[in-house]
Asks: 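Sharing a structure, written as structure tokens. Questions coming.
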Number of protein chains: 2
Amino acid sequence: MKLETIDVRQTASATDLVFEALRKAIIEGELAEGEHLRQDRIAQMFNTSRIPVREALQRLEQDGLVTTQRYRGTVVAALSAVEIEEIFEFRALLESEVIRLAVPALTRKQLDAARTNLEAFATASDPGGWGEANRKFHYGLYEAADRPYHLQIIRSSLDRVDRYLRAQLTLTDGKKRAHREHLSILDACERGDADEAASLTRAHILDAGRSLLAILEKRRGQSV
Amino acid sequence: MKLETIDVRQTASATDLVFEALRKAIIEGELAEGEHLRQDRIAQMFNTSRIPVREALQRLEQDGLVTTQRYRGTVVAALSAVEIEEIFEFRALLESEVIRLAVPALTRKQLDAARTNLEAFATASDPGGWGEANRKFHYGLYEAADRPYHLQIIRSSLDRVDRYLRAQLTLTDGKKRAHREHLSILDACERGDADEAASLTRAHILDAGRSLLAILEKRRGQSV
DNA sequence: TTAACTCAGATTGGATCCAATATACAATCG
DNA sequence: CGATTGTATATTGGATCCAATCTGAGTTAA
């Protein structure tokens, strides 16, 4: 008898599972800013003890998604306008450079995949779908740069602001504009124009940031 | 009787202390690449249980300083030449941009402090002293940019390669060259030439990276 | 009335104990 | 003698328990 050898070692711990679930919930905006994350309540939800929950919360804190005060608990992080602005500025710098490095290495297959993701973004009906398609479009292109560390940091910085970004995209003109910008970025990639792709990506991110801040301004003005 | 009100709330947990101590030991190269970090041994060293140790190890893993395999333990991370190269490239991009933003905002006081740190770097006699002075010099200038998120990422990326960098600086010409480059960066800052300071910083980091990789190449060539 | 105090409940931080897994070495079989 | 299997030990992952701290309602005193 011959069997395929399969590695059955468990790769995901309870901590990993809890971390991923909470991360997803925060990024997608299901947990509101400032909401308390009680350890035993979460432990019950996942049928574990508080140990993996605490470890997951610590990881989330390192990623800037929650803030913890000793003996007082953990809440979903709230970013100020200034903090959000800085992260968009950071992303613009980093992502424009990575797309510049990616363009010369892009394969036909990667370009086609990008067009598919671009259309998925346009036709997606819910915020979760947009967010996913948006990430796939950009990251799919970035992959060609072969810079795993850059990509890891890019992911982490998008994670911090993604919930705000998704809220911004609920406005139809924001989504339409993003789609137009995606189109022109992809065109530049197809033409092999790295500088243009970088410049468009930079503008794309800064545009989204400005638009987002304007909305936040308005909303906070109303609520006060 | 009147007393000044002082906040005595403990801010550092056992986890924080263990994390900081291990982080420092790894960054300064006291723990060798691939060295095993056994939970109970470390717990004994710090007179705690394994819980804070595990949490500290998880944080270190998120920072890329150690790698963990389920049920097999944690070892000090070993970076490949390609990985080191990418991180230097990343730092060059980020730090040159941050110094560009900092220059117009630099105060006389900050410039003077930078000169002090620059001299401390030149006169420091041990690797630990160089590393400290090097960080103080660069980060002191970056502070003026008022970009805390950028700075956090800069710190994290330097952490990953600092132990290799300190080893590189043990070669006297490496240290001398670094000192000369520091001087010209500071000069550009004094003149208010942001572009020049950015360009010099970029070259400074890439130089160090190239020099470091050459040494690694040689060493690994010998050991094989 | 109001500010300070007390104490009970809630919540987190850490220690100890048990379960799951990996590794090394002895035992067994061809 | 070599490959394989069983087993003992080491080590990590997770559960439960205890200690430390915060919070807030009720109480008391100026």
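Side chains included, hydrogens not; waters and symmetry mates left out as well; all remaining heavy atoms used. Naming: A, B, ... by sequence-line order, numbering from 1 per chain.
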Asks: Please tell me which of the listed nucleotides, C:dT16, C:dG13, D:dG14, lies nearest to the side chain of A:Thr68?
Replies: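 Taking heavy atoms from C-beta onward, the closest nucleotide is C:dG13.
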Asks: Just compare C:dT21, C:dA15, D:dT16 and give me whichever is closest to any side-chain atom of B:Ile51.
Replies: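 Closest nucleotide to the B:Ile51 side chain: C:dA15.
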Asks: What is the separation between atom CZ on A:Arg41 and atom C1' on C:dT12, rounded to the nearest whole Å?
Replies: 16 Å
Asks: In terms of side-chain geometry, is the basic nitrogen of A:Asp112 or A:Lys109 positioned less than 4.0 Å from the acidic oxygen of its partner?
Replies: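 No, this pair does not count.
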Asks: Nearest-Å distance, CD (A:Gln39) to C1' (C:dG13)?
Replies: 8 Å
Asks: Let me see the working for B:Asn117 and B:His138 under side-chain hydrogen bond (donor to acceptor under 3.5 Å, both in side chains), right down to the final yes or no.
Replies: CA-CA 9 Å; B:Asn117 293 325; B:His138 287 292; over 6 Å; no
Asks: Taking the side chain of A:Pro52 as its heavy atoms from C-beta onward, which of D:dA15, D:dC22, C:dG14 lies nearest to it?
Replies: D:dA15
Asks: Starting from P on D:dT9, measure out to CG on B:Asp40 and report it in whole angstrom.
Replies: 17 Å
Asks: Without decimals, in angstroms, what is the distance between B:Ile42 CD1 and D:dT11 P?
Replies: 12 Å
Asks: Provide, to the nearest angstrom, the distance between the CG atom belonging to B:Asn47 and the C1' atom belonging to C:dT16.
Replies: 16 Å
Asks: To the nearest angstrom, how far is A:Arg54 atom CZ from C:dG14 atom P?
Replies: 7 Å
Asks: Is B:Asp162 paired with B:Arg166 through a side-chain N to carboxylate O contact shorter than 4.0 Å?
Replies: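 The answer is yes: the pair qualifies as a salt bridge.
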Asks: Pick base, sugar-phosphate or nothing for B:Arg70, based on heavy-atom distances below 4.0 Å to the nucleic acid.
Replies: sugar-phosphate
Asks: Would you mind classifying the nucleic acid contact of B:Leu57 as base, sugar-phosphate or nothing, using non-hydrogen atoms under 4.0 angstrom?
Replies: nothing
Asks: Side-chain N or O of B:Thr15 versus OP1/OP2 of C:dG13: is the shortest distance under 4.0 Å?
Replies: no
Asks: A:Tyr71 has a side chain; which of D:dG14, D:dC22, D:dG13 sits nearest to it?
Replies: D:dC22
Asks: Determine whether a donor-acceptor pair (one donor, one acceptor, N or O, separation below 3.5 Å) exists between the side chain of A:Arg72 and the base of C:dG13.
Replies: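 Looking at the base of C:dG13, it does not pair with any donor or acceptor on the side chain of A:Arg72 (distance under 3.5 Å).
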Asks: Could you check which of C:dG14, D:dG13, C:dA15 has an atom nearest any side-chain atom of B:Thr48?
Replies: C:dA15
Asks: From C-beta outward on A:Arg38, which listed nucleotide comes closest to its side chain: C:dT12, D:dT16, C:dG13?
Replies: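 Comparing C:dT12, D:dT16, C:dG13 against the side chain of A:Arg38, the answer is C:dT12.
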Asks: For B:Thr74, which of B:Val53, B:Leu65, B:Leu57 qualifies under side-chain contact (heavy atoms from CB on, under 4.5 Å)?
Replies: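 In the set B:Val53, B:Leu65, B:Leu57, the residue that makes a side-chain contact (heavy atoms from CB on, under 4.5 Å) with B:Thr74 is B:Leu57.
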Asks: What nucleic acid atoms does A:Thr74 come within less than 4.0 Å of, heavy atoms only: base, sugar-phosphate, or nothing?
Replies: nothing
Asks: With a 4.0 Å cut-off on heavy atoms, is A:Arg50 in touch with a base, just the backbone sugar-phosphate, or nothing at all?
Replies: base
Asks: Using the salt bridge (charged side-chain N to carboxylate O under 4.0 Å, His left out) rule, take B:Asp16 and B:Arg59 through it: C-alpha gap first, then chi angles, then the decisive distance, then the call.
Replies: CA-CA 10 Å; B:Asp16 293 333; B:Arg59 287 195 208 171; 2.7 Å; yes
